[in-house]
2 protein chains.
Amino acid sequence: MTMDARKQQVLLAIITDFITTAEPVGSRTIARRYELGVSPATIRNEMSDLEELGYIEQPHTSAGRIPSQMGYRYYVDFLMEKKKLSLFEVNKVNKGYENKVNQIGEVISNTGDMLSKMTQFTAVIMTPRIEMSSFKQIKLVLLSVKQAMVIVVMNTGALQSNLIEVPEDVNQVDLDMISNVLNAKLGGLTFENIKATLLREIYSEMSRHKNILDLSIDVIEKGMTLNREDKIYLGGVLNILNQPEFHNIEKVKTLLSLLEQEDMLRNLLENSDPGEGVAVRIGSEMEREEVRECSMVLANYHVDGQPIGTIGVLGPTRMDYAWVISVVEYMTKNLSVTMEKMFKGWR
Amino acid sequence: MTMDARKQQVLLAIITDFITTAEPVGSRTIARRYELGVSPATIRNEMSDLEELGYIEQPHTSAGRIPSQMGYRYYVDFLMEKKKLSLFEVNKVNKGYENKVNQIGEVISNTGDMLSKMTQFTAVIMTPRIEMSSFKQIKLVLLSVKQAMVIVVMNTGALQSNLIEVPEDVNQVDLDMISNVLNAKLGGLTFENIKATLLREIYSEMSRHKNILDLSIDVIEKGMTLNREDKIYLGGVLNILNQPEFHNIEKVKTLLSLLEQEDMLRNLLENSDPGEGVAVRIGSEMEREEVRECSMVLANYHVDGQPIGTIGVLGPTRMDYAWVISVVEYMTKNLSVTMEKMFKGWR
DNA sequence: GTTAGCACTCTATGACGCTGAGTGCTAACG
DNA sequence: CGTTAGCACTCAGCGTCATAGAGTGCTAAC
């Protein structure tokens with residue numbers, strides 16, 4: 001026994017129905033709502049086959065069928081028809097990008113909000129990965145007697161600043177000198193490329209100025225810790241509470257506590273890199289137990305052809321993939337363009 | 001009929017019991033568990049009185065009694081015995097402050113985490129209010145051709161930075177000049193004190209240098225918007241899901257969505273300023289509908305005798321006030337000391 | 001004033017049976 | 001030989017009902 005056209009039709013009908021109703025769907029319902037031109041009995045036979053093939057399952061004997069994870073996968077890969085965003089929605093998105101184009105954070109959070117509003121699920125956005133960008137410039141600014149600020153500009157335009165303490169006898173001239181050395185040594189390098197050898201080299205160069213040696217190390221260390229600062233933005237977390245599959249407090253708790261732990265979430269995202277285009281990860285295709293009943297639709301956004309971050313939507317496996325994929329696709333494109341514009345302006 | 005010693009004992013027993021069990025407590029339970037030396041019947045009589053006085057209520061005829069909001073209030077004001085933190089806990093808190101004393105954000109989030117872990121409720125911390133602090137120094141640093149960074153240092157040591165775009169022909173010398181003017185005019189003033197007149201004054205002074213006029217305005221505006229940047233840190237949000245009163249998804253949703261909206265939360269906090277010492281706000285003593293079944297224990301933390309922020313714990317009205325109050329009190333003291341140390345080091 | 005006793009109330013729980021949705025099988029049909 | 005009508009069967013969900021248990025309020029006795 002193998003998949004044929006009518007089985008596909010039936011599977012499509014089951015999934016379509018289940019996505020909207022969240023109820024197991026029976027043979028009668030399909031016969032009534034979808035015009036397959038056959039009787040419920042025939043559909044029952046097909047369903048029996050589909051179950052044997054593993055595409056659908058039965059919660060209990062006298063219930064209808066629901067799609068299995070494999071069913072969703074088949075649907076996403078072969079059956080689904082992509083939807084197109086309406087003009088109205090396209091306009092709404094474009095409006096969302098008109099203001100506040102000068103702050104990375106604003107763009108990210110705007111995108112996330114729109115994404116969650118349009119899909120009614122939870123939006124997940126990783127801010128631009130700093131590992132992929134290289135140092136462009138490092139500035140050290142003395143603010144008061146013992147306090148200075150490190151400002152690191154990356155080639156992507158990303159910018160990070162941090163406070164450091166400095167010895168009392170350090171003045172701005174010293175700091176400028178240090179910046180110069182750092183710029184010369186580190187300019188154009190990515191964080192990954194900064195090896196211990198290089199640090200030692202800087203160290204020795206600095207050692208001519210004994211009293212600011214410690215400081216230089218401090219700066220590097222700060223820089224390295226800043227490295228891990230790529231944040232994850234979440235939008236519409238509470239949307240999942242509207243989904244019937246999350247009427248159970250325990251499930252809510254496990255999922256929310258996953259979302260609360262940024263490390264885990266980052267891990268999850270990094271382990272399901274979408275590569276090019278939009279990727280769909282269904283249930284246990286993601287490693288973590290907590291999202292076994294969830295799916296993610298994700299895509300990378302790019303600057304200069306380089307993927308610099310990931311954007312995605314997290315919802316129950318029973319989500320409207322066709323719609324969500326279209327939205328993610330469109331938003332990714334827009335986000336890439338917007339980021340590109342911002343970075344171009346800065347370089 | 002009026003409150004007397006035995007009624008107090010009974011009320012205390014009811015509240016104590018209800019706090020731990022979350023179940024209505026009956027006369028038998030009290031007679032058994034708390035040694036009042038009287039029979040259940042007598043306690044029933046007292047309970048009847050207490051109900052008439054409004055301190056307790058009955059969910060339904062054949063159930064025990066639960067404290068009313070007024071009952072909790074009476075308990076907090078007159079009956080409760082403050083608990084003391086054990087040496088073990090004091091040590092844990094002190095450890096928490098040992099590292100990372102150089103970043104305000106770290107201190108805040110550390111405090112919040114400890115607070116929520118120790119109380120098992122949700123911790124709410126407002127970062128230092130910037131309105132209360134005055135400008136100490138403003139720096140403008142040119143980063144690239146069209147891009148500069150504004151760094152604002154407040155007298156509290158708080159620090160804010162923001163990116164701005166500048167015209168191409170502006171160089172660091174121009175920026176230094178602007179910083180100087182701004183420092184001269186704004187130094188020592190709080191945000192509140194910056195009036196339109198002052199801005200106009202600066203404006204006119206700047207007008208000598210036509211081409212950087214726009215820039216100056218930009219800087220001020222950025223500064224003003226930075227103003228509203230006092231964030232609210234939340235710790236242990238999911239703890240409330242462990243409370244039996246939040247087994248209902250709808251309640252969870254309303255409360256969480258309140259917490260998600262920073263403006264509302266800020267409003268809530270600002271409307272219940274604790275003043276000196278630790279304040280307790282029970283149920284509808286706070287204005288918002290969403291927290292009618294919650295209480296907050298809050299206190300201000302200080303630098304130089306000035307309250308600069310608020311720290312609090314949010315939980316169901318049925319919380320262990322004695323314990324929570326002690327924890328908040330201790331944490332506030334510690335936070336104040338730590339902040340003071342940080343700011344002293346910076347001034 | 002306190003307490004034992006008792007009737008009363010009301011929730012929670014579990015058993016029971018019914019209903020309706022849905023299936024799987026079989027036999028008849030084209 | 002695929003399709004379908006018919007039918008017996010299964011099972012979750014729901015309402016009903018009776019029971020148990022916790023707790024009260026009242027009364028009368030101490």
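Throughout, protein chains are lettered first and strands after them, A, B, ... in sequence-line order, and every chain is numbered starting at 1.
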Seminar exercise, completed: In short, A:L115 meets A:T119 closest at the heavy-atom pair O-OG1, 2.8 Å
Exercise. Do any side-chain nitrogens or oxygens of A:T42 fall under 4.0 Å of OP1 or OP2 in D:dT4?
Worked result: yes
Using distance only, find each side-chain donor-acceptor pair of residues 292-299 of chain B under 3.5 Å and give its atom names and separation, not counting sequence neighbours.
from	atom 1	to	atom 2	distance (Å)
B:R292	NH2	B:E289	OE2	3.2
B:E293	OE1	B:K251	NZ	3.3
B:S295	OG	B:Y321	OH	2.7

For this session: Scan nucleotides 8-25 of chain C nucleotide by nucleotide, 5' to 3', and note B when protein non-hydrogen atoms come under 4.0 Å of the base, S if they reach only the sugar-phosphate, - if neither.
Result: -BBS---------BSBB-
Problem set entry | Name of the residue among B:Y74, B:Y55, B:Y75 meeting side-chain contact (heavy atoms from CB on, under 4.5 Å) with B:Q8 | B:Y74
Exercise. In whole angstroms, how far is the C1' atom of C:dT3 from the CD atom of B:E46?
Worked result: 13 Å
For this session: Kindly check if the number of other-residue, nucleotide or ligand heavy atoms within 6.0 Å of CD (A:Q261) is above 12?
Result: yes
Exercise. For A:R73, does the CZ atom have more than 12 heavy-atom neighbours from other residues, nucleotides or ligands under 6.0 Å away?
Worked result: yes
Exercise. What is the distance from CD1 of A:I43 to C1' of D:dA5, rounded to the nearest Å?
Worked result: 14 Å
For this session: Would you please enumerate the stems DNA chain D participates in, each stem being three or more consecutive Watson-Crick or G-U wobble pairs with both distances under 3.5 Å?
Result: C:1-30 with D:1-30
Problem set entry | Atom-to-atom span, CG of A:D4 to C1' of D:dG2 - whole angstrom | 12 Å
For this session: Would you check if there is a donor-acceptor pair between the side chains of B:N267 and B:N271 at a distance under 3.5 Å?
Result: yes
Exercise. What do the steps show when you test A:T317 against A:Q69 for side chain to side chain donor-acceptor pair (under 3.5 Å), and what is the final call?
Worked result: CA-CA 8 Å; A:T317 41; A:Q69 183 172 314; over 6 Å; no
Exercise. Which heavy-atom pair separates B:G235 from B:S116 by the least distance, and what is that distance?
Worked result: O-CB, 3.4 Å
Exercise. C:dT2 P sits how many Å from B:I30 CD1, rounded?
Worked result: 16 Å
